[in-house]
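Below is one structure, written out as structure tokens; the observations come after it.
Per chain, numbering begins at 1; letters A, B, ... match sequence-line order.
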Amino acid sequence: MALSYPPLTVPSSHPLHFLPSSSDPPYDILRTQPSLSLLSNCKTHQSLREIHAQMIKTGLHNTNYALSKLLELCVVSPHFDGLPYAVSVFETIQEPNQLIWNTMLRGHASSSDPVSALELYVRMVSLGHLPNAYTFPFLLKSCAKSKTFEEGRQIHGQVMKLGCDLDRYVHTSLISMYARNGRLEDARKVFDKSSQRDVVSYTALITGYASRGDVRSARKVFDEMSERDVVSWNAMITGYIENGGYEEALEFFKEMMRMNVRPDEGTLVNVVSACAQSGSIELGRQVHSWVDDDHGFGSSLKIANALIDLYSKCGDVDTASGLFERLSYKDVISWNTLIGGYTHKNLYKEALLLFQEMLRSGESPDDVTMLSVLPACAHLGAIDIGRWIHLYIDKKLKSVTNGSALRTSLIDMYAKCGDIEAAQQVFNSMICRSLSSWNAMIFGFAMHGRANAAFDLFSRMRKNGVEPDDITFIGLLSACSHSGLLDLGRHIFKSMTHEYNIAPKLEHYGCMIDLLGHSGLFKEAEEMIQRMPVEPDGVIWCSLLKACKKHGNLELAESFAQKLIKIEPENSGSYVLLSNIYATAGRWEDVARIRAILNGKRLKKVPGCSSIEIDSVVHEFIIGDKLHPQSKEIYGMLEEIDVLLEEAGFVPDTSEVLQEMEEEWKEGALRHHSEKLAIAFGLISTKPGTKLTIVKNLRVCRNCHEATKLISKIYKREIVARDRTRFHHFSDGVCSCCDYW
DNA sequence: ATAGGGTTAG
């Protein structure tokens with residue numbers, strides 16, 4: 001934003017502090033006015049309006065002093081956002097005095113839109129008012145917050161003209177402005193030139209160095225200080241945390257305790273957050289019990305929220321939610337912290353439930369809330385809630401700073417919930433796309449097997465001058481691997497190193513090896529494994545094992561399975577896959593041998609689970625489960641489906657009976673795989689012709705895939721199914737994956 | 001008479 005300032009002409013005798021205007025009554029009379037003393041206890045917007053009404057009645061609102069008090073309250077109150085009200089009152093004041101202008105500037109500078117302070121300032125100056133020493137800290141804060149460096153420099157010029165640089169508040173504000181704009185040299189110059197250095201200006205400089213990543217210089221300034229207060233210590237601790245130096249931050253905390261510096265709320269918040277980020281749960285617990293030992297912080301919401309974050313990040317979700325439940329007062333950050341904690345730990349259902357509780361409690365979600373909830377919707381396929389959130393964002397979160405991140409999250413949610421068109425609409429409506437927006441859309445297309453669309457988007461992205469990163473290439477390569485596009489995959493894989501200078505990582509190799517395996521090029525796949533600089537993981541061996549099954553390569557399968565078992569001995573999948581391969585080859589004694597090993601190991605298996613969202617409720621099914629309240633109807637429907645399937649000529653592939661063991665291991669339940677339960681439930685719960693969207697945590701088995709194709713034809717339903725790697729769109733007897741997966 | 005600077009939870 002370019003702001004032009006009217007030239008300032010300063011009369012030589014310009015007083016820095018204005019005298020009170022003659023219309024203002026003497027101070028002690030005002031102090032006894034009841035409506036003014038009420039202001040100090042005013043905690044709600046409603047009571048503010050009442051006090052204002054009272055002031056109008058008594059004529060008090062005609063005094064600049066009383067008005068400035070009212071405006072100050074609006075602008076600084078931590079209990080409500082009174083800025084809009086202050087603005088409306090301000091606009092009615094005919095001749096605001098200096099104090100009132102400054103109060104309004106203060107309000108705008110500390111608002112979410114700090115640039116508006118500069119705009120107001122331009123207006124003030126053009127009306128002929130001059131700034132005083134109190135004005136500049138607000139203006140400089142606005143420049144610091146909005147990172148408007150040029151304006152900051154201009155204001156510095158005006159400070160010099162007015163001779164305000166001798167004021168220590170202005171002095172520190174200048175340092176802070178330059179520091180937070182990354183101009184440490186300028187900040188240092190102001191600091192060195194001044195004789196007004198105190199603990200506050202030193203600390204501003206520390207923060208400057210630290211936020212630029214130069215913790216060593218920050219430390220040097222800290223060491224130079226002759227006296228330090230708790231804020232200086234806090235600033236150093238923050239500096240270390242921001243630069244990943246959690247150990248040093250915690251060392252600093254211990255040191256300040258040794259020096260008998262009493263930590264304050266900020267210290268503890270900082271320290272707890274350092275523990276959370278570094279996973280130092282033991283130290284975190286110590287700090288927690290110290291806080292509980294009545295040091296006067298028991299009621300600090302900030303500390304409580306930091307502790308909730310600590311426990312949920314360190315995996316102790318129960319303690320976190322216990323703390324949350326016991327809060328007598330919760331704010332949006334408390335909710336966001338725990339919701340985010342759940343999402344972080346893959347507890348998506350818990351995240352959505354808590355989100356719903358938050359709405360019921362009357363708390364308004366913000367952008368951070370949505371950035372935690374949308375991934376949960378995406379994982380669960382909860383598209384109704386996702387759509388609701390989309391509307392909410394358009395209505396209430398239009399101008400938040402995270403707008404682009406929110407939209408990217410919406411793209412991901414729609415794509416993962418099966419509505420790739422909605423994802424595209426969000427993408428196309430974006431004015432400002434980040435690299436992750438492009439990536440999310442490319443991934444969406446890849447997931448839906450639409451390799452062409454993914455590559456078209458990639459070239460559009462290049463035309464827009466956006467440089468791809470390693471994530472982009474995972475998207476493109478997985479698009480290839482979902483469609484079996486070996487040559488294109490090879491080409492892209494080469495170009496990422498040669499053209500874009502991006503080193504392939506495990507995931508990129510994984511896609512290539514999957515492609516090679518699928519094409520039966522085992523030798524080349526093994527060569528790639530030899531060549532790659534990273535150790536192959538279970539995913540890679542698993543994809544090769546599947547390729548062996550497809551190509552009937554028993555010998556290789558055995559060696560791959562051994563590798564897989566070595567890396568992931570707890571993963572039953574490798575045994576199951578191998579036994580299936582033996583079964584296909586008719587080697588029944590080997591099947592029995594593997595089964596015996598499996599039984600002996602008592603390995604945990606991941607139960608297959610499918611879900612379908614009906615009227616905003618996500619219904620989950622596991623294999624053969626009869627827990628659903630409409631279980632009877634569902635099984636009735638299943639029987640009907642099986643009859644119709646048989647009439648349509650569907651014959652279950654008996655050679656694949658053991659296939660079910662691969663992922664849904666339970667005797668003879670082939671017919672009642674979880675996705676079939678979800679489909680049956682969908683058929684009886686929706687109007688004819690409604691599209692059904694199923695989300696499954698594992699891969700679809702061949703039999704279910706064949707059956708679903710036929711069901712889509714028999715019942716004239718479009719069925720969209722997401723398995724753990726991709727989407728299948730079933731319609732009129734065919735699947736979008738062309739049976740390649 | 002009245003105001004302003006540095007650190008602080010998701």
Side-chain angles (χ1 to χ4, degrees), chain A residues 17-21 24-31 36 63-69 71-72 75-76 97-106 109-110 131-141 144 164 167-177 179-180 187 196 198-208 210-211 221 228-239 241-242 263-274 276-277 300-310 312-313 331-341 343-344 365-369 371-372:
Chain A
H17 299 269
F18 282 83
L19 292 169
S21 90
D24 274 2
Y27 176 63
D28 45 321
I29 295 180
L30 283 174
R31 200 196 275 288
L36 276 192
T63 67
N64 268 335
Y65 173 69
L67 279 172
S68 73
K69 279 285 143 204
L71 294 177
E72 185 189 7
V75 146
V76 301
N97 65 8
Q98 189 72 33
L99 177 56
I100 289 178
W101 278 109
N102 285 348
T103 306
M104 291 310 292
L105 289 170
R106 179 185 185 182
S110 58
N132 66 6
Y134 286 96
T135 316
F136 290 117
F138 304 132
L139 299 177
L140 292 167
K141 187 189 197 123
C164 289
D167 184 292
R168 58 213 212 100
Y169 289 85
V170 176
H171 168 241
T172 307
S173 300
L174 279 170
I175 297 173
S176 178
M177 183 276 294
R180 292 187 43 187
Q196 294 284 324
D198 60 14
V199 61
V200 183
S201 51
Y202 267 101
T203 308
L205 199 58
I206 290 177
T207 307
S211 67
V221 176
R228 310 177 185 99
D229 64 7
V230 63
V231 182
S232 331
W233 286 90
N234 290 353
M236 275 312 297
I237 293 175
T238 308
I241 296 178
E242 277 176 0
D264 68 357
E265 186 192 50
T267 318
L268 293 162
V269 165
N270 265 331
V271 168
V272 173
S273 126
Q277 290 180 56
S300 163
L301 186 56
K302 281 191 190 178
I303 296 179
N305 288 341
L307 285 167
I308 293 172
D309 189 43
L310 166 79
S312 68
K313 280 228 174 71
D331 66 1
V332 65
I333 297 183
S334 324
W335 290 98
N336 289 352
T337 306
L338 193 55
I339 292 175
T343 306
H344 194 72
D366 64 8
D367 47 339
V368 181
T369 322
L371 288 173
S372 294

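The closest side-chain donor-acceptor pair between N270(A) and S273(A), if any, does not fall under 3.5 angstrom.
The side chain of K141(A) sits closest to dG5(B) out of dG5(B), dG4(B), dA9(B). Closest contact between the side chain of Y65(A) and the listed nucleotides dA1(B), dT7(B), dT8(B) involves dA1(B). The nucleotide whose nearest atom lies closest to any side-chain atom of A235(A) is, among dG6(B), dT7(B), dT8(B), dT7(B).
At a cut-off of 3.5 angstrom, the base of dG6(B) holds no donor-acceptor pair with the side chain of D198(A). Side-chain atoms of D229(A) and base atoms of dG6(B) include a donor and an acceptor less than 3.5 Å apart. Remark: the N102(A) side chain and the dA3(B) base include a donor-acceptor N/O pair separated by less than 3.5 Å. You won't find any donor-acceptor pair under 3.5 Å spanning the side chain of S173(A) and the base of dG5(B), going by distance alone.
The salt bridge (Lys or Arg N to Asp or Glu O under 4.0 Å) search around R106(A) returns E72(A), not counting sequence neighbours. Checked against side-chain contact (heavy atoms from CB on, under 4.5 Å), A235(A) has the following partners two or more places apart in sequence or in another chain: T203(A), I206(A), T207(A).
Atom pair N97(A):CG and dT2(B):P shows a separation of 14 Å (rounding to whole Å applied). Rounded to an integer number of Å, the gap from N234(A) CG to dA9(B) P is 11 Å. In this structure, F138(A) places its CZ atom 15 Å from C1' of dG6(B), rounding to the nearest Å. The distance from atom CG of L139(A) to atom P of dG5(B) is 12 Å, rounded to the nearest whole Å. Distance, I333(A) CD1 to dT8(B) P: 13 Å, rounded to whole Å.
OP1 or OP2 of dG4(B) sits under 4.0 Å from a side-chain N or O of R106(A).
Residue-level contact check: T238(A) touches the backbone only, with heavy atoms under 4.0 Å from sugar-phosphate atoms and none from bases. Within the 4.0 angstrom heavy-atom criterion, base atoms lie near S232(A). Counting any heavy atom pair closer than 4.0 Å across all strands shown, V269(A) reaches sugar-phosphate atoms only and no base atom. Within the 4.0 angstrom heavy-atom criterion, base atoms lie near V199(A). When heavy atoms are screened at a 4.0 angstrom cut-off, V230(A) is found touching no nucleic acid atom at all. Within 4.0 Å of R180(A), counting heavy atoms only, lie sugar-phosphate atoms of the nucleic acid but no base atom. Base engagement by T172(A) is indicated by at least one non-hydrogen atom pair under 4.0 Å involving a base atom.
The two atoms that bring C164(A) and V170(A) nearest to each other are O-CB, 3.5 Å, heavy atoms only. In terms of heavy-atom proximity, A187(A) sits nearest to A179(A) at CB-N, 4.0 Å.
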